[in-house]
Amino acid sequence: QVQLVESGGGLVQPGGSLRLSCAASGRFVSTYAMAWYRQAPGKQRALVAAITQFGITNYAESMKGRFTISRDNAKNTVDLQMNSLKPEDTAVYYCNTGTIFYNGRYSGGNYWGQGTQVTVSS
């Protein structure tokens, strides 16, 4: 069984920055890719960014250049640094793991965190 615990959400003004963290525990966690998804009100959950155990990353197109995913394999944590935040980034952000990249892409694992709310508003 894998457990994921997110932290770091909150309210931030447009143009501001926020850093999310996710701590993972359980078997084989260190071998899985880890990822962040988000779900805005009335929309489907969508991939934000993913990273393999070797540091290979995969970003949604609209996040490139603003968001950075990083990982600490020793601590089994994954962070998401979000810069130049926009109101449309408002969503619940979820940590995910449980599988690896296939053909350079991450399609989502079976394990989810509880989610952390990010609100971008003035």
Next item on the list: Indicate the ring-plane relationship of Y106 and F101, choosing parallel, tilted or perpendicular according to the 30° and 60° boundaries.
Entry: tilted

Notebook entry, point to check: Between Q13 (side chain) and S122 (backbone), is there a donor-acceptor pair under 3.5 Å?
Noted result: no

Margin query: So does S25 get a backbone contact from the side chain of Q3, meaning a donor-acceptor N/O pair under 3.5 Å?
Written below: no

Item checked: Note, P14 side chain near P87 side chain (heavy atom, < 4.5 Å) -> yes

Margin query: Taking A33's backbone N and O only, do any of them form a donor-acceptor pair with T97's side chain (distance below 3.5 Å, no angle check)?
Written below: yes

Note to self: Can you see whether R45 engages Y37 through a side-chain donor-acceptor pair at a distance of less than 3.5 angstrom?
What the structure shows: no

Check: Is the backbone of G109 close enough, under 3.5 Å, to the side chain of N96 for a donor and an acceptor to pair up by distance?
Finding: yes

Notebook entry, point to check: Side chain of Y59, backbone of I69: donor and acceptor closer than 3.5 Å?
Noted result: yes

Margin query: Quick one: does any side-chain atom of R19 pair with a main-chain N or O of Q81 as donor and acceptor, under 3.5 Å?
Written below: no

Checklist line | Evaluation steps, ring pair (Phe, Tyr, Trp, His ring centres under 6.0 Å), between W36 and F67 | finding: CA-CA 11 Å; W36 287 95; F67 292 8; over 10 Å; no

Next item on the list: State, without any angle test, whether S17 and N83 hold a side-chain donor-acceptor pair at a distance under 3.5 Å.
Entry: yes

Margin query: Closer than 3.5 angstrom, by distance alone: can the side chain of Q44 be matched with the main-chain N or O of Q39 as a donor-acceptor pair?
Written below: no

Notebook entry, point to check: Any sub-3.5 Å donor-acceptor pair from T116's side-chain atoms to G9's backbone N or O?
Noted result: yes

Check: Any luck finding a side-chain donor-acceptor pair between S21 and D79 under 3.5 Å?
Finding: yes

